[in-house]
Amino acid sequence: MLSTTENPRIRVIDLETGGNGANDVCEIGWQDVALGADGRWQVGEDRGARFVNPGRPISPDTMAVHHILDEQVADAPLWKQVAPSVLRPVGGVTALAAHRATFEQRYCRPSMTGGSPWICTWKCALRVWPDLPRFSNQMLRYQRMPVGLVHEIGLPAHRAMPDAYVTAHHLRDLLNEASLEQLLAWSLEPGLLPRVPSGPDRGRSWDRLTSDALIEFTRNKDIDVRFSANSELRRRGENVSGQAIEVVQDRLL
């Protein structure tokens, strides 16, 4: 259920982690996007980041990505102490958002978020800008060059606040092209890929494939590939006998 806050705002979240454990967050960053008086969504001034003590050493693999050192987080509070105040700020939020939000949802459990709905800017970008060649947070940044994005605030990449700041500019533009309700609905579904992501048909749009090829893709291990192939079959008025067509992405607890 959407929050009924007087001034709608969405908090974009980005996490850096020290490993793959359920509480291995070592940094959380945020950037708010709010609905302006003119009816347009805007990137606000409320942003920040906090170190988090993951409770164990940061793995070299993740350290090589974000460059956060064990000594930087040694005196920081634990995840369960940090998360509620960031995820449920004073005044509330209409929704939370992240790029490939299923990653953040692994750590930002409903008990911490108060059950706020999530927007996945990756899934929504696939729908709104399907002609773009790539959809990572940073590639969207340089392909689109969002208006108002201050280059220096969005650096360094792969740190929590700068990444949340970049994602917020994508979210603002998505909200100004599609409704909040539509973004939330798309975020509950698997990703609708505009093109085949790998294999001999890589780069081809789904409408260029034969029905037999699409049926083969419905057996793929990747839920986004299966969903995309099934979506094209449904568009053609075809169905796959015995195949369950996935519509809603499983919620992460």
Side-chain angles (χ1 to χ4, degrees), residues 1-17 23 25-53 73 76-125 128 137 146-150 153-154 159-188 251-253:
M1 181 178 295
L2 294 183
S3 167
T4 56
T5 53
E6 183 176 346
N7 299 305
R9 66 168 169 166
I10 299 169
R11 175 151 288 188
V12 177
I13 297 295
D14 187 86
L15 302 180
E16 304 300 332
T17 63
N23 298 298
V25 177
C26 61
E27 187 180 38
I28 182 170
W30 67 92
Q31 169 68 65
D32 286 356
V33 175
L35 186 64
D38 60 356
R40 303 280 291 175
W41 291 86
Q42 303 168 358
V43 176
E45 296 298 322
D46 197 343
R47 69 178 73 97
R50 293 189 67 182
F51 280 135
V52 181
N53 187 333
V73 300
L78 299 173
W79 176 233
K80 65 181 180 181
Q81 299 169 316
V82 175
S85 62
V86 176
L87 300 175
R88 303 176 69 177
V90 175
V93 294
T94 306
L96 297 167
H99 201 71
R100 288 191 174 267
T102 51
F103 176 79
E104 272 71 20
Q105 287 176 275
R106 288 171 52 189
Y107 303 93
C108 303
R109 298 179 287 276
S111 60
M112 296 175 172
T113 67
S116 293
W118 283 82
I119 294 172
C120 176
T121 52
W122 175 73
K123 291 179 181 179
C124 295
V128 175
N137 198 36
V147 172
L149 194 159
V150 178
I153 298 177
R159 287 296 300 272
M161 191 283 289
D163 280 3
Y165 174 76
V166 171
T167 302
H169 285 77
H170 305 322
L171 176 62
R172 175 203 63 191
D173 295 343
L174 290 164
L175 285 164
N176 286 328
E177 292 197 42
S179 70
L180 170 60
E181 290 73 20
Q182 182 65 82
L183 298 192
L184 288 166
W186 284 335
S187 297
L188 286 174
R251 291 180 180 272
L252 297 171
L253 300 179

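Side-chain contact between E45 and R47: present, with at least one pair of heavy atoms (C-beta onward) separated by less than 4.5 Å. Residues W118 and T102 form no side-chain contact, since every pair of their non-hydrogen atoms from C-beta on lies 4.5 Å or further apart. Within the 4.5 Å cutoff, the side chain of H99 has no heavy atoms near those of the V166 side chain. Contact of the L15 side chain with the W79 side chain is registered, since non-hydrogen atoms from C-beta on lie closer than 4.5 Å. Counting heavy atoms from C-beta on, the side chains of D14 and M161 never come closer than 4.5 Å.
Checking side-chain atoms of Y165 against main-chain N and O of V150 turns up a donor-acceptor pair under 3.5 Å. Between the side chain of T113 and the backbone N or O of L87 there is no donor-acceptor pair closer than 3.5 Å. A donor-acceptor pair is defined here as one N or O able to donate and one able to accept, closer than 3.5 Å; such a pair exists between the side chain of N176 and the backbone of W41. No donor-acceptor pair closer than 3.5 Å links the side chain of R11 to the backbone N or O of W30. Proximity of a side-chain donor or acceptor of Q31 to a complementary backbone N or O of A168 within less than 3.5 Å is not detected.
Residues satisfying the side chain to side chain contact (heavy atoms under 4.5 Å, CB included) criterion with P77, sequence neighbours excluded, are R50, Q81, V82. For F51, there are no ring-ring contact (aromatic ring centres under 6.0 Å, His included) partners, not counting sequence neighbours.
Applying the salt bridge (charged side-chain N to carboxylate O under 4.0 Å, His left out) test to residues at least two apart or on different chains, the pairs with a partner in residues 165-178 are R144-D173.
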